> 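Just passing along the structure, written as structure tokens.
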Amino acid sequence: MVKSNIQSLTKKNSNPFKKIVFLFGPTSVGKTNLLSKLDNNKFSVINADSIQVYKGLDIGSAKVSKDVTEKIHHYLIDILDPREQFTVAKFINEADKAVIKIHQENKIPVISGGTAFYFKHFLYGLSDAPASSIEIREKVESMINERSLSWAYSLLKEVDLVTYNRINENDKYRISRALEVYFDSGKPLSSFDLPSNYRNGIEPLIIGLFREKDEMERRLRLRYSIMVEKGLIQEIRDLVNSGANDEWPGMQGIGYKEFFIAMKSGELTNSQIGDLIIKNSKQYAKRQYTFFKSFSDVNWIHASKEEEIKRMINEYFCK
RNA sequence: GCCGCUUUAGCUCAGUUGGUAGAGCAAAGGACUGAAAAUCCUUGUGUCCCUGGUUCAAUUCCUGGAGGCGGCA
């Protein structure tokens with residue numbers, strides 16, 4: 001009865017179960033340590049990190065280690081070659097499949113990561129706007145390069161005033177996407193409404209992990225030196241030898257792109273690269289928090305309160 | 001010891017022909033409609049090294065001093 005009700009609410013990728021744990025936290029806040037302590041008979045993890053999905057990006061992305069994934073099953077790790085583009089849409093699709101599978105095993109999925117964009121759209125779903133199309137995007141981009149960004153921005157004003165007003169004139173990324181949608185569908189992006197309720201009747205437990213800034217910096221510093229010990233430089237070398245360049249989607253990750261910057265400019269010492277990585281990570285963490293703070297229903301909790309977090313998750317399981 | 005250059009925001013440095021100053025980066029805050037570890041927006045921050053002098057007015061010109069860099073000895 002309950003099951004059919006929920007199914008009638010869903011459009012696609014029906015998800016007959018409501019319980020999903022969302023564990024959000026920036027890199028180095030201490031998620032992995034927590035996950036390793038979850039009961040494998042009750043939970044499985046779905047990775048919500050846009051870089052850890054890539055094969056071969058292990059050290060720089062601070063990917064969960066083999067001994068943790070052996071303790072508790074992780075979905076959406078190592079599913080894509082770093083030269084391929086992962087997207088939110090793929091994330092939702094793959095995560096939905098994993099959620100169904102985990103629920104069938106009578107477990108609860110724990111969606112864990114730092115990509116707030118993925119969390120948001122997993123919770124609410126995407127609009128009906130056309131999917132991103134690399135061909136059209138490239139067409140739009142070459143138009144912008146030929147004419148100018150301000151030309152594209154005023155074109156947007158003509159075809160989609162609502163989006164024009166929402167987007168800044170310098171935001172090439174979003175201007176491109178808005179025009180891409182218009183060229184693809186003939187309709188303005190703003191005509192596609194974003195859903196405002198959770199998909200599939202999800203009743204989530206949303207946990208936001210945080211730590212103080214100076215503590216985060218300390219952890220990031222330590223983490224970088226551990227990465228170097230583990231062979232980060234060799235990992236980069238292997239990637240470059242296999243043809244990696246800064247155009248590869250996986251290479252935009254912090255901990256990778258800095259090495260390409262260093263190669264281009266020359267003259268950056270490893271410790272300067274480390275400082276850059278730490279700085280970029282801090283700024284990224286700030287952006288992650290800002291985004292996640294706009295979510296409703298978040299239970300914010302200091303990452304050091306392990307017992308409390310475990311209790312929350314276990315109570316949710318039993319509820 | 002002598003000569004030259006230099007000292008301005010947390011950092012690197014502009015600048016004011018005399019009317020108490022501004023860029024980049026950092027920092028803080030924010031946004032987020034299929035690339036999101038991406039992309040973008042907003043906001044300060046000052047004994048202008050110290051000391052006297054000239055002047056209505058000195059961060060700016062002059063004297064003396066201190067620190068830094070370079071050259072000559």
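As the structure is a computational prediction, the values presented were derived from the model and not from experiment. In what follows, every heavy atom counts, from backbone to side chain, and hydrogens, waters and symmetry copies are set aside. We name chains A, B, ... by the order of the sequence lines, and we start the count at 1 in each one.
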> Inspect the contact between Arg311(A) and Glu308(A) and indicate whether a charged nitrogen and a carboxylate oxygen are less than 4.0 angstrom apart.
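No.
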> By nearest atom, which of the nucleotides rC40(B), rA36(B), rG34(B) is closest to the Leu126(A) side chain?
rG34(B)
> What interatomic distance, in whole Å, is found between C1' of rA14(B) and the corresponding atom of rU6(B)?
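Result for the C1' pair: 15 Å, nearest Å.
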> Under a 3.5 Å cut-off for both contacts, is rC61(B) paired Watson-Crick or G-U wobble with anything, and if yes, with which nucleotide?
rG53(B)
> For rA14(B), which nucleotide is its Watson-Crick or G-U wobble mate, given both distances must be under 3.5 Å?
none
> Counting distance alone, no hydrogens or angles: does the base of rA35(B) have a donor or acceptor under 3.5 Å from a partner atom on the side chain of Arg174(A)?
no
> Using only modelled atom types and a 3.5 angstrom limit, is any donor from either the side chain of Ser127(A) or the base of rG34(B) paired with an acceptor on the other?
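Flag set: donor-acceptor pair detected.
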> Using atom CD of Glu169(A) as one end and atom P of rC40(B) as the other, report the distance to the nearest whole Å.
12 Å
> What interatomic distance, in whole Å, is found between C1' of rG19(B) and the corresponding atom of rU60(B)?
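These two C1' atoms come out 11 Å apart once rounded.
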> Would you check, one step at a time, whether the test side-chain hydrogen bond (donor to acceptor under 3.5 Å, both in side chains) holds for Lys172(A) with Ser176(A)?
CA-CA 6 Å; Lys172(A) 188 173 170 184; Ser176(A) 298; over 6 Å; no
> Could you tell me whether Phe119(A) and Phe295(A) have their ring centroids closer than 6.0 angstrom?
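Ring centroids of Phe119(A) and Phe295(A) are no less than 6.0 Å from each other.
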> Just call it for Tyr118(A): base, sugar-phosphate, or nothing, with non-hydrogen atoms closer than 4.0 Å on any strand.
sugar-phosphate
> Roughly, in whole Å, what's the span from CD in Gln288(A) to C1' in rG30(B)?
16 Å
> Taking pairing as Watson-Crick or G-U wobble with both contacts under 3.5 Å, can you name the mate of rU42(B), or confirm there isn't one?
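Pair assignment: rU42(B) / rA28(B).
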> Report the C-alpha distance between Glu141(A) and Arg137(A) in whole Å, list the side-chain angles of each, state the deciding distance to 0.1 Å, and finish with yes or no for salt bridge (Lys or Arg N to Asp or Glu O under 4.0 Å).
CA-CA 6 Å; Glu141(A) 253 161 33; Arg137(A) 190 196 308 158; 5.4 Å; no
> Whom does rC69(B) pair with, Watson-Crick or G-U wobble, provided both distances fall under 3.5 Å?
rG4(B)
> Should Gln283(A) be listed as having a side-chain N or O under 4.0 Å from OP1 or OP2 of rA27(B)?
yes
> With a cut-off of less than 4.0 Å, is there a side-chain N or O of Gln85(A) near OP1 or OP2 of rA36(B)?
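Gln85(A) to rA36(B) OP1/OP2: side-chain N or O found under 4.0 Å.
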> Of the options rC41(B), rA36(B), rA38(B), whose atoms approach the side-chain atoms of Asn168(A) most closely?
rC41(B)
> Kindly state whether the pair Phe291(A) / rC32(B) counts as stacked, where counting means centroids closer than 5.5 Å and planes tilted less than 30° apart.
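One would call Phe291(A) stacked on the rC32(B) base.
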> With respect to the phosphate group of rG30(B), does any side-chain polar atom (N or O) of Lys293(A) fall under 4.0 Å of OP1 or OP2?
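Checking Lys293(A) against rG30(B): at least one side-chain N or O falls below 4.0 Å of OP1 or OP2.
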> Can a salt bridge be assigned to the pair Arg218(A) and Glu215(A) using a cut-off of 4.0 Å between side-chain N and carboxylate O?
no
> Please give, in whole Å, the distance from rA28(B) P to Lys282(A) NZ?
7 Å
> Using the C1' atom as the point on both nucleotides, what is the distance between rC41(B) and rG65(B), in whole Å?
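Between the two C1' atoms, the distance is 48 Å.
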> Could you identify the nucleotide paired to rA21(B), looking across every strand shown and requiring Watson-Crick or G-U wobble geometry with both distances under 3.5 Å?
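The base-pairing partner of rA21(B), which may sit in any strand shown, does not exist here.
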> OP1 or OP2 of rC32(B) sitting under 4.0 Å from any side-chain N/O of Arg166(A)?
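Checking rC32(B) against Arg166(A), no side-chain N or O comes under 4.0 Å of OP1 or OP2.
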> Is the distance from OP1 or OP2 of rA31(B) to the nearest side-chain N or O of Arg287(A) less than 4.0 Å?
no
> Between rG34(B) atom C1' and Lys90(A) atom NZ, what is the distance in whole Å?
10 Å
> Taking atom C1' in both rU55(B) and rU12(B), compute the distance separating them and give it to the nearest angstrom.
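Straight-line distance between the two C1' atoms is 34 Å.
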> Does rG30(B) have OP1 or OP2 under 4.0 Å away from a side-chain N or O of Lys286(A)?
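Answer is yes, contact under 4.0 Å.
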> Please give, in whole Å, the distance from rC25(B) P to Leu276(A) CG?
13 Å
> Look at the side-chain N and O atoms of Arg177(A) and state whether any lies under 4.0 Å from the OP1 or OP2 oxygen of rG34(B).
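Indeed, a polar side-chain atom of Arg177(A) lies that close.
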> With sugar-phosphate meaning primed atoms plus P, OP1 and OP2, does Tyr256(A) contact a base, only sugar-phosphate, or nothing at under 4.0 Å between heavy atoms?
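The residue Tyr256(A) makes no contact with any strand.
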> Quick one: does Gln52(A)'s side chain have a donor or acceptor within less than 3.5 Å of a partner on Ala62(A)'s backbone?
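Yes; judged by distance alone, with no hydrogens or angles, the pair exists.
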> May I ask you to check whether Phe43(A) and Phe317(A) place their ring centers less than 6.0 Å from one another?
yes
> Can you work out whether Ile254(A) or Phe292(A) has the more 5'-proximal nearest nucleotide on RNA chain B?
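The residue whose closest nucleotide sits nearer the 5' end is Phe292(A).
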> Expressed as a whole number of Å, how far does the P atom of rA58(B) sit from that of rA66(B)?
25 Å
> Looking only at side-chain atoms of Thr290(A), point me to the closest of rA36(B), rC40(B), rG30(B).
rG30(B)
> In terms of side-chain heavy atoms of Leu194(A), which of rA36(B), rA27(B), rU33(B) is nearest?
rU33(B)
> Any side-chain N or O of Tyr173(A) under 4.0 Å from OP1/OP2 of rA36(B)?
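Answer is no, no contact under 4.0 Å.
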> Which value, in whole Å, describes the distance between the C1' atoms of nucleotides rA57(B) and rU16(B)?
14 Å
> As a test of the definition: with a 90° window around 0 for syn, would you call rG15(B) syn or anti?
anti
> Consider only side-chain N and O atoms of Tyr54(A) and Glu84(A), and report whether a donor and an acceptor are under 3.5 Å apart.
no
> When the distance from CZ of Arg199(A) to C1' of rU33(B) is rounded to whole Å, what number comes out?
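After rounding, the reported distance stands at 15 Å.
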> Please report the distance separating the C1' of rG18(B) from the corresponding atom of rC3(B), rounded so that it comes out in whole Å.
29 Å
> Taking pairing as Watson-Crick or G-U wobble with both contacts under 3.5 Å, can you name the mate of rA9(B), or confirm there isn't one?
none
> Would you please classify the geometry between the Phe86(A) ring and the Tyr118(A) ring as parallel, tilted or perpendicular, with 30° and 60° separating the classes?
perpendicular
> Any idea which of rA38(B), rC40(B), rG34(B) is nearest the Asn170(A) side chain?
rC40(B)
> Does a side-chain N or O from Thr87(A) land closer than 4.0 Å to OP1 or OP2 of rA35(B), or not?
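No, outside the criterion.
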> What is the distance, rounded to the nearest whole Å, between atom CD1 of Ile175(A) and atom C1' of rU39(B)?
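Distance, rounded to whole Å: 11 Å.
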> Would you mind classifying the nucleic acid contact of Asp49(A) as base, sugar-phosphate or nothing, using non-hydrogen atoms under 4.0 angstrom?
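Asp49(A): base contact, heavy atoms under 4.0 Å.
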> Could you give the distance separating rG64(B) and rU54(B) at their C1' atoms, to the nearest angstrom?
15 Å
> Among the candidates rA36(B), rG34(B), rA27(B), find the nucleotide nearest to the side-chain atoms of Gln252(A).
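Output: rA36(B).
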> Taking any heavy-atom pair under 4.0 Å as a contact, classify Ser61(A): base, sugar-phosphate, or nothing.
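If one applies the 4.0 Å heavy-atom cut-off, Ser61(A) turns out to touch a base.
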> Please give, in whole Å, the distance from rC25(B) C1' to Gln272(A) CD?
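After rounding, the gap between these two atoms is 14 Å.
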